[in-house]
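The structure presented is a predicted model; accordingly, all values stated were derived computationally and were not measured. Index from 1, following the sequence.
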Amino acid sequence: MTGYTMLRNGGVGNGGQPWVLRWSSRIRLTWLSFTLFIILVFFPLIAHYYLTTIDDADDAGKRIFGPRTGNELCEVKHVQDLCRIRESVSEELLQLEAKRQELNSEIAKLNLKIEACKKSIENAKQDLLQLKNVISQTEHSYKELMAQNQPKLSLPIRLLPDKDDVTFPLPKSNRNCRLHNCFDYSRCPLTSGFPVYVYNSDDYPFGSSLDPLIKQAFEATVRTNVYVTENANIACVYIILVGEMQEPVMPKPTELEQQLHSLPYWRTDGHNHLIINLSRKSETQNFIYNISTGRAMIAQSTFYDVQYRPGFDIVVSPLVHAMSEPNFLEIPPQVPVKRKYLFSFQGEKIESLRSSLQEVRSFEEEIEGNAPADYDDRIITTLKAVQDSKLDFVLVEFTCKNQPKASLPTEWALCGERDDRLELLKLSTFALIITPGDTHLVISAGCAMRLFEALEVGAIPVVLGEQVQLPYNDVIRWNEAALIIPKPRITEVHFLLRSISDNDLLAMRRQGRFLWETYFSTSDNVFSTVLAIIRTRIQIPAAPIREETAVEIPHRSGKAAGTDPNMADNGDLDLGPVETEPPYASPKYLRNFTLTAMDIYRNWNSAPGPFHLFPYTPFDPVLPSEAKFLGSGTGFRPIGGGAGGSGKEFQAALGGNVPREQFTVVMLTYEREEVLMNSLERLNGLPYLNKVVVVWNSPKLPSEDLLWPDIGVPIMVRKRCSYSGLAAWWGLCIRVGCSSSVACQLSLSHLGQHSSHMVVDVCT
């Protein structure tokens, strides 16, 4: 009980008053909290109610927050002043707002103008920088133009010689005549074009003695030659034909000499004159030997050493085809390389034949004794021994079955008719040509005839005798087409001929064919060659080749390139950007005089020959890449002023002294329209492509319904020319090639794998 009482009393005994105080204080706090809650909740609700409904009263005078009239508000004077101030301030505020908006718009416009000015300033700076670059490059280009390797010069003043040439110095002897002391260069300026005056032989007595065929062929050639002029006063060279003469009516040497000296432009000594004596039938005529020709040059097929003036006189080939063209279809093909006979020879020499047959000595006996002055006996014995050994098929005959042709002393005469000799040479790999035993006879018409016939049918000439002067020997590299062997090496000839590979044999045969076709085959070729020899010696450029319009085959273009789904994909191969400008023609005739002075042997020993100047050739020398920069004096430049570019811009960046060029694709085709169209489509987008020339090598014209692709450059379809002309042109085409092997590989890969092309840039 005591514990319970104590708990009820709050742990305090006797009355429990502290507990009552605590309970009363709790009641007061609870009441106070409830009252505050009522006030905080209901007072805002009541206030909201009165505020939202107080203006609904009908009596306007009882409304507290409703609008009142101006009279009521402005009953007091100062209230009216305040109202006026408010209105004026409101108007000023509106005006200021309008002005602010106007100023904002003006500021926006000015900002736009500032931005435009900034852009124009930047553009002006770029233009100024480009102008500075242009000015700088123009200055460099001007300096390079003044110092470039091939300046464009005006033509020199034409030299006109005195009519009588009284100041021309005289040589000590006619045998000592060379160009420097027997030729008047003042009559032949570099820019004269090499005018040639040809005497009419019918106007002189010896003209009636000339061989009719030779005279007719000569006159026909003269009529079509570009160098021949009728104005003798401006002529560089004067030409007179004196042979071949018909022996029954042949004039005496003194009469012929008198007639030559009486020529109207002989001028006492015949300088700048050329006397031509051609051989057709006779191999023995050398009547000029006993004639005083003064300073006149001589062109013939037979010369003695006391008569021949190297670098002045001309050894010409016989005129076999006087008024007829050679039949190219009868000429044997180049292959097979080896023929039936390793070598062959037919001839007869009366002076040494009897002794060689009666006195047969061994090689040992000849070697032990003194060397013979004439090696013909040793030659006969050696060649017979090779024939008898039967190691190779050879044919040598030292006696003619029929009467031999007339010949000069110590010379091997020709046997049989021309057709019979040609048939034997067609079966021979090599053709032996034994020079005359008289070493004073440097060349004879008989040897020249053997050389002509061997080259005609593709038998490689083997000339025994190194002292011989072959036709046009000062410009033709005869070692590329013939073997010239000293007579003492006759015992080694068989070994030497066996050691030559087939590749070398074919190369020599091809070169011999080129020489024969170009310089020997026709009367026009012989006459043009004689003139070209003189022109080359005095370093006058050839006449530009005449432009002839080829027969164009009409064709329709319309097929867009690149639309064929069967075309092979070239992958990621990038050959460079395509030029956007129209096709650009290459510079023409830049090496007229340098070509004549520097490339003499290449012009004479490779197609197309020395008779014409061409606008450009594939043989022009190319500078290495570093020379374009180091030689320009300015080094590297920004391409296109920093904008980049190719073609024209790239050429200008290389100093301006490198010609800008494009290339032409040439295709030869024969009835392969689908392959041709595919090949043409592959040329679409090829950089630096100027045009495409298609040579249609078929008598059947292309189909009229054939649509040719549009590749962005002209496609010219030309009909083929004659076979021989096409072969000569194609020989040049093959040699054109690309400027580098890499470029060839790129061009071929761009064309694809399904077309057979050669690059002429590209030849098919």
Side-chain angles (χ1 to χ4, degrees), residues 175 209 211 214 242-248 250-253 256 275-291 293 298-310 313-320 345-356 372-380 397-400 402-418 421 431-454 461-473 482 484 486-487 520:
R175 288 188 57 187
S209 303
D211 183 284
I214 288 184
V242 298
E244 179 179 79
M245 288 193 176
Q246 303 178 77
E247 294 186 359
M250 196 170 164
K252 296 180 179 180
L256 181 59
I275 301 174
I276 299 180
N277 178 23
L278 299 176
S279 299
R280 189 177 73 89
K281 292 182 179 179
S282 174
E283 283 81 30
T284 60
Q285 281 192 13
N286 188 18
F287 53 85
I288 299 180
Y289 181 79
N290 298 318
I291 293 176
T293 56
I298 300 175
Q300 62 180 13
S301 300
T302 301
F303 278 104
Y304 283 92
D305 56 357
V306 296
Q307 179 188 14
Y308 180 66
R309 296 164 292 185
D313 294 326
I314 303 173
V315 179
V316 300
S317 63
L319 187 60
V320 177
F345 177 80
Q346 286 181 325
E348 184 172 338
K349 185 177 180 182
I350 303 299
E351 289 79 4
S352 61
L353 179 60
R354 185 177 297 115
S355 61
S356 63
D374 188 352
Y375 286 92
D376 287 350
D377 291 345
R378 178 180 294 184
I379 292 173
I380 293 173
E397 295 179 354
F398 299 105
T399 56
C400 296
N402 300 319
Q403 183 67 25
K405 302 288 184 181
S407 63
L408 294 172
T410 73
E411 182 186 15
W412 288 92
L414 294 170
C415 294
E417 298 298 328
R418 167 178 157 81
R421 297 195 299 269
L432 295 185
I433 301 174
I434 305 176
T435 59
D438 185 0
T439 56
H440 297 292
L441 185 60
V442 295
I443 185 64
S444 65
C447 288
M449 182 64 72
R450 291 181 184 273
L451 179 68
F452 180 95
E453 293 175 351
V462 179
V463 182
L464 295 178
E466 77 283 2
Q467 81 283 358
V468 69
Q469 298 289 336
L470 297 180
Y472 322 121
N473 61 324
I484 302 176
K487 286 185 178 180
F520 295 79

Nearest-0.5 Å distance, CD1 of residue Ile288 to CD1 of residue Ile276 = 10.0 Å
Qualifying residues under side-chain hydrogen bond (donor to acceptor under 3.5 Å, both in side chains), relative to Gln246, sequence neighbours excluded = none
Fit a plane to each ring of Trp412 and Phe345, take the angle between them on a 0 to 90° scale, and name the class: parallel (under 30°), tilted (30 to 60°) or perpendicular (over 60°).
-> perpendicular
So CZ of Phe398 and CD1 of Ile379: to nearest 0.5 Å the spacing works out to 8.0 Å
Straight-line distance of Met250 CE to Leu256 CG, nearest 0.5 Å | 8.0 Å
Tell me, please, which residues at least two apart from Tyr308 pass ring-ring contact (aromatic ring centres under 6.0 Å, His included).
-> Phe303
For Ser279, enumerate each residue passing the side-chain contact (heavy atoms from CB on, under 4.5 Å) test, keeping only those at least two apart in sequence or located in another chain.
-> Glu244, Ser301, Ala445
When the side chains of residues 461-473 are checked against the rest of the protein, which donor-acceptor pairs come out under 3.5 Å, sequence neighbours left out?
{"from": "Gln467", "atom 1": "NE2", "to": "Thr435", "atom 2": "OG1", "distance (Å)": "3.3"}
{"from": "Gln469", "atom 1": "OE1", "to": "Asn473", "atom 2": "ND2", "distance (Å)": "2.2"}

Shortest non-hydrogen pair, Cys447 vs Glu411, comes out as N-OE2, 3.6 Å
Interatomic distance, Lys487 atom NZ to Arg378 atom CZ [nearest 0.5 angstrom] = 12.0 Å
Which residues pass the side-chain hydrogen bond (donor to acceptor under 3.5 Å, both in side chains) test with Asp313, sequence neighbours left out?
-> Arg309
Who passes side-chain contact (heavy atoms from CB on, under 4.5 Å) against Ala431, sequence neighbours left out?
-> Leu425, Ala454, Ala459
Any side-chain heavy atom of His440 within less than 4.5 Å of one from Val306?
-> no
Only one of Ile291, Thr293, Ile275, Ile298 passes side chain to side chain contact (heavy atoms under 4.5 Å, CB included) with Val242, and that residue is Ile275
Identify the two heavy atoms, one from Gln300 and one from Gln307, that lie closest to each other, and give their separation to 0.1 Å.
-> NE2-NE2, 3.2 Å
Test side chain to side chain contact (heavy atoms under 4.5 Å, CB included) applied to Thr302 and Val442, Ile443, Leu408, the passing residue | Leu408
Should Phe520 and Val320 count as side-chain neighbours, where that means a heavy-atom distance under 4.5 Å?
-> no
Quick one: pull up CG in Asp438 and CG in Asp305 and give me the separation to the nearest 0.5 Å.
-> 8.0 Å
Looking only at heavy atoms, the pair that brings Cys400 and Gly347 closest together is SG-C, 4.3 Å
Is Glu453 reaching over with its side chain to a backbone N or O of Arg421, donor-acceptor style, under 3.5 angstrom?
-> no
